[in-house]
Amino acid sequence: VKMKKLILLMFMSVLLFGEMKFSKPEPSFENPRKWVIKLRSANIETVNHMLGSIYNVLKVYPVEGIKIAVVAYSQGMRVLKKDYDPHTLSRISSLMDYDVEFVGCINTMDTMKWTEADFIDDVTYVQAGIAEVIERQADGWIETTPY
């Protein structure tokens with residue numbers, strides 16, 4: 001009897017607390033949440049934690065209800081290079097398939113003497129990565145960095 005009550009209590013907890021409650025207006029195609037992430041580290045553990053966080057967020061929101069942009073600059077630009085960890089690059093490519101945008105910093109590229117040919121396909125580029133973050137915030141994007 002105690003076990004049945006425990007199972008029923010656990011089931012009711014999931015029903016009551018397991019679903020995400022969205023703020024109004026709820027995320028939709030017309031009003032998606034917009035999340036910008038600063039990628040400024042090439043540490044593989046840090047980067048993979050960030051990618052895992054993105055996957056977790058994508059599980060919560062409807063496909064049309066969220067836009068995500070990862071803006072790489074400084075050491076973070078190394079992550080988008082073709083010679084970075086193959087498993088991590090595969091995860092990034094998979095996120096791109098879910099319309100997660102990866103944005104690279106031209107200023108960092110110029111400093112390091114890198115060209116677009118050094119980077120994976122489908123990266124978009126801006127002159128200054130940190131300025132891109134500032135402008136996205138001014139446009140209503142929420143900046144949180146999950147590491």
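Please read all numbers here as calculations on a predicted model, not as lab measurements.
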Sequence neighbours excluded and cut-off under 3.5 Å, please list the side-chain donor-acceptor pairs for residues 98-105, or say none.
{"from": "Glu101", "atom 1": "OE1", "to": "Arg136", "atom 2": "NH1", "distance (Å)": "3.2"}
{"from": "Glu101", "atom 1": "OE1", "to": "Arg136", "atom 2": "NH2", "distance (Å)": "3.1"}
{"from": "Glu101", "atom 1": "OE2", "to": "Thr124", "atom 2": "OG1", "distance (Å)": "3.4"}
{"from": "Glu101", "atom 1": "OE2", "to": "Arg136", "atom 2": "NH2", "distance (Å)": "3.2"}

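- Rounded to the nearest 0.5 Å, atoms CD (Gln75) and CZ (Arg40) are 12.0 Å apart.
- In this structure, Asn31 and Pro25 have side chains that are in contact, with non-hydrogen atoms separated by less than 4.5 Å.
- Every residue two or more places apart in sequence or in another chain that forms a ring pair (Phe, Tyr, Trp, His ring centres under 6.0 Å) with Trp114 is listed here: Phe119.
- Between Leu39 atom CG and Thr145 atom OG1 the span is 9.0 Å, to the nearest 0.5 Å.
- Considering only residues two or more places apart in sequence or on other chains, Glu26 meets the side chain to side chain donor-acceptor pair (under 3.5 Å) condition with Lys24.
- Thr144 pairs by the side chain to side chain contact (heavy atoms under 4.5 Å, CB included) definition with Trp35, Ile142, not counting sequence neighbours.
- A side-chain hydrogen bond (donor to acceptor under 3.5 Å, both in side chains) check over residues 65-74, counting only residues at least two apart or in different chains, returns nothing.
- By the side chain to side chain contact (heavy atoms under 4.5 Å, CB included) test, Asp139 is found to be paired with Lys34, Trp141, residues two or more places apart in sequence or in another chain being considered.
- In this structure the side chain of Leu89 never reaches within 4.5 angstrom of the side chain of Leu80, judged on heavy atoms.
- Under the side chain to side chain donor-acceptor pair (under 3.5 Å) criterion, Lys59 pairs with no residue at all, not counting sequence neighbours.
- Not counting sequence neighbours, the partners of Ala128 by the side chain to side chain contact (heavy atoms under 4.5 Å, CB included) test are Asn107, Ala131.
- Residues Phe22 and Val57 are members of one and the same hydrophobic cluster, defined by side-chain heavy-atom contacts under 4.5 angstrom among Ile, Leu, Val, Met, Phe, Trp and Tyr.
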Checklist entry - Taking it one step at a time, do Lys38 and Val71 satisfy side-chain contact (heavy atoms from CB on, under 4.5 Å)? => result CA-CA 5 Å; Lys38 296 184 288 190; Val71 180; 5.8 Å; no
Sequence neighbours left out, cut at 3.5 Å: what donor-acceptor pairs do the side chains of residues 47-55 make with other protein atoms?
{"from": "Asn48", "atom 1": "OD1", "to": "Arg91", "atom 2": "NH1", "distance (Å)": "2.7"}
{"from": "Asn48", "atom 1": "ND2", "to": "Ile44", "atom 2": "O", "distance (Å)": "3.0"}
{"from": "Asn48", "atom 1": "ND2", "to": "Thr88", "atom 2": "OG1", "distance (Å)": "2.9"}
{"from": "His49", "atom 1": "NE2", "to": "Pro146", "atom 2": "O", "distance (Å)": "2.9"}
{"from": "Ser53", "atom 1": "OG", "to": "His49", "atom 2": "O", "distance (Å)": "3.1"}
{"from": "Tyr55", "atom 1": "OH", "to": "Arg91", "atom 2": "O", "distance (Å)": "3.1"}
{"from": "Tyr55", "atom 1": "OH", "to": "Ser94", "atom 2": "OG", "distance (Å)": "3.2"}

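- The backbone N or O of Ser28 sits nowhere less than 3.5 Å from a side-chain atom of Tyr61 that would complete a donor-acceptor pair.
- Two residues are said to be in side-chain contact when any heavy atoms from C-beta on lie closer than 4.5 Å; Met109 and Glu116 meet this criterion.
- When the side chains of ILVMFWY residues are joined at heavy-atom separations under 4.5 Å, either directly or via intervening members, Met77 and Tyr84 end up in a single hydrophobic cluster.
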Checklist entry - What's the verdict on side-chain contact (heavy atoms from CB on, under 4.5 Å) for Glu132 and Gln127, showing C-alpha distance, side-chain angles and the deciding distance? => result CA-CA 8 Å; Glu132 179 69 9; Gln127 190 64 48; over 6 Å; no
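- Taking CD1 of Ile92 as the reference point, atom CG of Asp97 lies at 12.5 Å (rounded to 0.5 Å).
- Taking hydrophobic clusters as Ile, Leu, Val, Met, Phe, Trp and Tyr residues chained together by side-chain heavy-atom distances below 4.5 Å, Val123 shares a cluster with Ile68.
- Sorted by first then second residue, the salt bridge (Lys or Arg N to Asp or Glu O under 4.0 Å) pairs that include residues 73-82, not counting sequence neighbours, are Lys81-Asp83.
- Cluster membership check: Ile130 does not share its hydrophobic cluster with Met112, using side-chain heavy-atom separations under 4.5 Å among Ile, Leu, Val, Met, Phe, Trp and Tyr.
- By the side chain to side chain donor-acceptor pair (under 3.5 Å) test, Gln137 pairs with no residue at all, sequence neighbours left out.
- Note: the hydrophobic cluster containing Ile66 also contains Leu95 (ILVMFWY, side chain heavy atoms under 4.5 Å, direct or indirect links).
- Considering only residues two or more places apart in sequence or on other chains, Ser41 meets the side chain to side chain donor-acceptor pair (under 3.5 Å) condition with none of them.
- Here the straight-line distance linking atom OG of Ser90 with atom CD1 of Ile120 works out to 10.0 Å at 0.5 Å rounding.
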